[in-house]
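Each remark here refers to the structure printed beneath this line.
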Amino acid sequence: MKEATKVIHEGQPVDLTTNAIMPPVYFTSTYYQNGVGNHKGFDYSRGGHPNRQHLETALSSLEKGRYGLVFASGCAATTAVLGSLSPGDHVLSSDTVYGGTYALFTQLFTRWGLTFSFFKSTDSVSDIRRKITAKTKLIWIETPANPTLQVFSLPDCLAAKGKRKIKIVVDNTFATPILQRPLTQGADVVVHSSTKYIGGHSDLIGGALVCNDKKLYEAYHFYLKSTGAIPGPMDCYLAHRGLKTLAIRMQAHCDNAEYLVEELKKYPKISQVYYPGFDTKGLAENHMSRAGGVISIELKRGCDSDQFFKRLKLFRLAESLGGVESLISLPYAMSHVRMPVSIRKRLGVTSRLIRLSVGIEDKHDLRDDLNTALKGL
């Protein structure tokens with residue numbers, strides 16, 4: 001099946017009790033057993049739940065993976081990956097990542113004995129290889145990167161690690177499995193914040209992991225069950241419902257973003273526009289079909305971002321991204337505030353960098369909204 005069909009039908013069994021097209025939401029913590037260990041696949045909802053299973057099946061199919069796990073948040077999914085490592089292990093990461101990921105790396109897991117180093121999107125294979133140590137167990141890539149939208153090369157990371165037993169994890173939140181499927185290109189694990197495009201309606205918090213290795217899956221499942229970082233049944237239901245329209249929504253997000261990018265280039269108050277579509281070589285290397293629905297812009301010095309935000313009517317100032325509605329944020333003071341100021345500035349996450357999550361409204365209305373706000377600066 002093609003992606004637009006998979007998102008509708010995978011992980012959606014017919015309810016055999018009533019023949020309902022939509023599986024019910026199972027509000028239960030435990031399950032009746034006919035005898036000790038004699039049950040219908042579920043015994044306690046921390047270990048497994050029907051709505052979780054439906055969502056995991058759908059996500060793993062869409063990512064072309066064998067195993068899927070869903071979590072209470074994207075940070076919980078990230079924590080499971082890192083929590084499967086041991087003190088003394090080294091993680092090599094792309095330097096531009098979500099602020100919450102950076103905080104987990106440098107403020108939490110360093111206390112647990114892990115070490116971290118970072119590489120740039122412009123680093124060559126040999127540059128990346130030089131940063132790999134005998135203790136490197138994981139290479140983490142966020143591509144496209146939040147919020148400056150660099151494309152990090154998965155093929156370069158694969159070439160750099162060579163035959164070493166290093167796992168490669170790709171945060172695929174911005175691209176989604178509609179635009180990019182890292183497991184088919186050689187990655188070991190895919191991470192999602194399903195809060196974003198997968199849910200798609202700004203009404204849930206969730207995370208996910210997908211992989212092909214049974215041992216990895218068992219390690220992550222053990223971590224999930226043991227820590228209890230599970231999503232509730234309603235969040236799973238909402239994420240699965242959102243997944244059904246992911247293919248068609250991503251078309252609309254991309255169409256609108258591509259249109260707005262060309263419009264934003266024209267404004268004299270904008271010094272730079274960032275969009276993954278400008279890096280056609282990088283997109284091709286990662287087999288990314290389109291560039292996504294997020295744009296970042298840098299205002300010229302002297303422009304007041306607060307006044308810009310206040311003049312907007314459709315783009316709402318808020319955390320998060322990937323919903324049907326258009327959102328705008330200042331990563332420097334919002335999503336990346338837990339990064340040290342020196343790191344933010346080095347990565348280009350300045351007080352003038354603004355991130356736009358382009359929704360699926362009419363593109364001309366979005367253009368007019370930005371036009372009115374920018375002309376007032």
Side-chain angles (χ1 to χ4, degrees), residues 73-83 85 87-123 127-128 130-133 135-152 157 169-171 173-174 191 193 195-196 205 207 271-272 274 276 294-306 308-309 317-321 327-357:
S73 68
C75 284
T78 300
T79 299
V81 174
L82 298 175
L85 301 177
D89 287 347
H90 171 249
V91 176
L92 179 60
S93 171
S94 52
D95 63 353
T96 310
V97 293
Y98 164 56
T101 301
Y102 185 86
L104 280 173
F105 285 179
T106 61
Q107 296 176 37
L108 180 61
F109 278 95
T110 51
R111 291 162 49 196
W112 293 8
L114 301 185
T115 62
F116 297 86
S117 56
F118 300 88
F119 64 95
K120 303 174 184 177
S121 61
T122 54
D123 282 353
D127 291 331
I128 299 171
R130 279 193 292 271
K131 294 175 182 179
I132 293 174
T133 75
K135 294 185 177 181
T136 303
K137 295 294 189 292
L138 201 72
I139 297 177
W140 183 284
I141 316 168
E142 183 177 304
T143 183
N146 183 6
T148 47
L149 304 175
Q150 297 105 312
V151 177
F152 285 84
C157 292
V169 181
V170 178
D171 186 330
T173 298
F174 272 42
V191 179
S193 170
T195 309
K196 312 303 191 296
I205 300 291
S271 60
Q272 191 163 350
Y274 300 87
V294 180
I295 306 167
S296 289
I297 59 174
E298 190 171 315
L299 296 179
K300 286 189 174 179
R301 295 185 184 279
C303 294
D304 189 334
S305 59
D306 284 338
F308 176 51
F309 296 143
L317 179 65
E319 299 273 6
S320 199
L321 58 100
L327 299 178
I328 195 164
S329 71
L330 188 70
Y332 181 85
M334 297 170 75
S335 61
H336 287 65
V337 72
R338 286 186 284 176
M339 276 187 173
V341 172
S342 60
I343 301 296
R344 276 178 273 168
K345 289 184 175 179
R346 181 174 64 78
L347 297 177
V349 185
T350 69
S351 58
R352 294 182 290 116
L353 183 77
I354 294 170
R355 188 188 71 195
L356 292 78
S357 174

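Keep in mind that this is a model prediction, so the values were computed, not measured.
Within the 4.5 Å cutoff, side-chain heavy atoms of Trp140 are placed close to those of Thr78. Residues Thr115 and Lys135 are not in side-chain contact: their nearest non-hydrogen atoms beyond the backbone lie 4.5 Å or more apart. By the 4.5 Å heavy-atom criterion applied to side chains, Phe109 and Thr79 are counted as neighbours. Looking at Leu347 and His336, their side chains never come closer than 4.5 Å, going by heavy atoms from C-beta outward. Looking at heavy atoms from C-beta onward, Ser94 lies out of side-chain contact with Phe118 at the 4.5 angstrom threshold. Side chains of Val294 and Leu321 form a contact here, defined as non-hydrogen atoms less than 4.5 Å apart.
Remark: Arg130 CZ to Leu92 CG distance equals 12.5 Å, nearest 0.5 Å.
Ser193 places no side-chain N or O within donor-acceptor distance of the main-chain N or O of Gly74, the cut-off being under 3.5 Å. Listed for the Gln107 side chain is a donor-acceptor partner under 3.5 Å among the backbone atoms of Arg338. The main-chain N or O of Leu299 is found under 3.5 Å from a side-chain atom of Arg352 such that the two form a donor-acceptor pair.
A donor atom on one side chain and an acceptor atom on the other are found under 3.5 Å apart for Tyr274 and Glu298.
Under the side-chain contact (heavy atoms from CB on, under 4.5 Å) criterion, Ser73 pairs with Cys75, Ala76, Ile205, not counting sequence neighbours.
For Tyr102 and Phe116, the gap between ring centers reaches or exceeds 6.0 Å.
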